[in-house]
Number of protein chains: 2
Amino acid sequence: MTALYQDVALRLRRAISDGTYPPGSQLPSEHELAEWFGVARSTIRHALAMLGEDGVVASHRGARRTVLAVPRLQNFGELRSFSLWARSIGAEPSGRVELLERRAATEVQARELGLSADDPVIYVVRVRLLDGKPVMIERTAYVERAGLLLSFVDLERESISERLEEHGIVFAHAEHTIDAVNATPDDARLLAIEPGLALLRERRRATDPRGQALEWSEDRYVGDAVAFTIRNSIALSPLVRDRAATPETAAASTTNSGN
Amino acid sequence: MTALYQDVALRLRRAISDGTYPPGSQLPSEHELAEWFGVARSTIRHALAMLGEDGVVASHRGARRTVLAVPRLQNFGELRSFSLWARSIGAEPSGRVELLERRAATEVQARELGLSADDPVIYVVRVRLLDGKPVMIERTAYVERAGLLLSFVDLERESISERLEEHGIVFAHAEHTIDAVNATPDDARLLAIEPGLALLRERRRATDPRGQALEWSEDRYVGDAVAFTIRNSIALSPLVRDRAATPETAAASTTNSGN
DNA sequence: TAGTGGTCTAGACCACGCC
DNA sequence: GCGTGGTCTAGACCACTAT
């Protein structure tokens, strides 16, 4: 069912989590692991490469691998879906729909979603709550193909992404741009906070496995409720620091231009 | 010198950048690429895996790879070093040292750096400027081994990380936690902005190749000057959403809590 | 059904760390 | 010099897509 290397990776993760190989210690050699697991060395290497991508182990030619940290659980689905994420930390997610309409795409939405000007999008504004406390405003434009299915979803209770996956709409890739903004009066009203409070803004473009844009969203998190964490290393650096988009630079910026 | 697969990856990146394989198009098959480049299929796969990690291509069993986006240039060094990053976007970096002293680690610093209470750290507060405009405050605690070398660095002009690398201190891994805070009066004074303006806060723990902590830093960026971008996918998700540190949760949390 | 990517093996040689 | 991880090859079989 699952691939051998995934099984090996899982078992190594567990061994690190349960203290067999605590952070700072060294892993057995690839040769030893291959013997113990009864697989080829390349299969062990494939598994170890995955741990390396997660920042769990570090490796250097000539020396055994070092354990850097205990693995984190979170997966892509939990990052994309507020509901999944909330439940994974033991909180009860809910949502309040402020707006849901089919309308012409704005210039930005059209560019990010790869649409022509005035193509229709489904635009949704939702306030997301954690254990009854508002923590985020989600302003999302869906392409028509995905958005039309929203009429089948109970937006107050259900997870949009979970329901869309049941209908064959799969989110596979995303690009996130993160900066900070002060809460507008409108933000403050929706989140029941003071205007001017610092909010963490995440602009997200998500695509299906083929790279076809499915949604473009601008989410604003209450600064003291949510944070993002990224691990990276010399070998793997998915995080990029950008000059923020300003009215003058927005048009020229590569971060924001679509497709 | 460079590995074959790295050379192949570079050439494929170039082919995507120059429009040979634009976003949305399909790459040739692994078999074809292996023949063209004169290498084994596994070498091609290794190169393509790197492009996949960067979110440049997507792959599915049975179908050819799809180009998702044009590759971004930035590397790990440019993320860690403000100076390198600034020059890479064509701006002139500078810095102003507000404080530099050797002192006992705070509780948080000791925990993040893996020190005992009251072990000494080198604490530096610097304002970083882009083309003369203040955009960031950097409050960094270095472990003694790295920090003592700072006396050899011209902090107003030089890049700390570049000089430390010359002395054998190599930054290899980092974990970043990002949230939003309002500028304190002190922040506002240093950055020449209004108090209360939304700032992007990055707390960063960086280690050497062995996972030994080298620095722990709390940086605050002016919200309209800098943003961070992350790409991820089902297969690779280095980004994690966390509940932010609150006075109650800070003690239990490993990721966060303030300076 | 042919082609494609995903997985896995067995073996080779090399560059580097450590003793 | 020995053990380690890094690179590379050649070939096999399988699961899935496209047609």
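Every chain is numbered from 1 and lettered A, B, ... according to where its sequence line falls, protein lines coming before strand lines.
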remark   = Atom CD1 of A:Ile44 and atom P of D:dG6 are separated, to the nearest Å, by 14 Å

request  = Calculate the interatomic distance between A:Glu35 atom CD and C:dA10 atom P; express it in whole Å.
outcome  = 12 Å

4.5 Å side-chain heavy-atom contact, B:Asp208 and B:Arg145 = yes

task = May I ask you to decide if A:Asp119's main-chain N or O and A:Ser116's side chain share a donor-acceptor pair within less than 3.5 Å?
result = no

ask   = Would you find more than 12 non-hydrogen atoms of other residues, nucleotides or ligands less than 6.0 Å from B:Glu107 atom CD?
value = no

request  = Could you check B:Glu215, B:Glu138, B:His176 and say which one makes a side-chain hydrogen bond (donor to acceptor under 3.5 Å, both in side chains) with B:Arg204?
outcome  = B:Glu215

task = Using atom NE2 of A:His60 as one end and atom P of D:dG6 as the other, report the distance to the nearest whole Å.
result = 9 Å

query = Are any of B:Arg65's side-chain N or O atoms less than 4.0 Å away from OP1 or OP2 of C:dG6?
reply = yes

query = Do the side chain of A:Arg41 and the base of D:dG6 come within less than 3.5 angstrom through a donor-acceptor pair of N or O atoms?
reply = yes

request  = May I have the distance from A:Asp7 (atom CG) to C:dC8 (atom C1'), rounded to whole angstrom?
outcome  = 14 Å

ask   = A:Leu48 CG to D:dT7 P: how many Å, rounded?
value = 14 Å

message = Among C:dC16, D:dT7, C:dT7, which nucleotide has an atom closest to any side-chain atom of B:Arg45?
response = C:dT7

query = With respect to the side chain of A:Ala3, which nucleotide from C:dC8, D:dT4, D:dC16 is positioned closest?
reply = C:dC8

task = Verify the contact: side-chain N or O of B:Arg64 to OP1 or OP2 of C:dT4, cut-off strictly under 4.0 Å; return yes or no.
result = yes

ask   = Where each residue is assigned the nucleotide of DNA chain D containing its nearest heavy atom, which of A:Ala63 and A:Ser42 is assigned the position nearer the 5′ end?
value = A:Ala63

query = Please give, in whole Å, the distance from C:dC14 P to A:Glu30 CD?
reply = 18 Å

inquiry  = Just verifying a value: how many Å separate A:Leu33 CG and A:Arg65 CZ, rounded to the nearest 0.5 Å?
reply    = 8.5 Å

ask   = Could you give the NE2-to-P distance, from B:His31 to D:dT17, as a whole number of Å?
value = 22 Å

inquiry  = Is there a side-chain contact between A:Ser59 and the phosphate of D:dG6, meaning an N or O under 4.0 Å from OP1 or OP2?
reply    = yes

note = Here the distance between atom C1' of C:dT9 and atom CZ of A:Phe37, to the nearest Å, is 17 Å

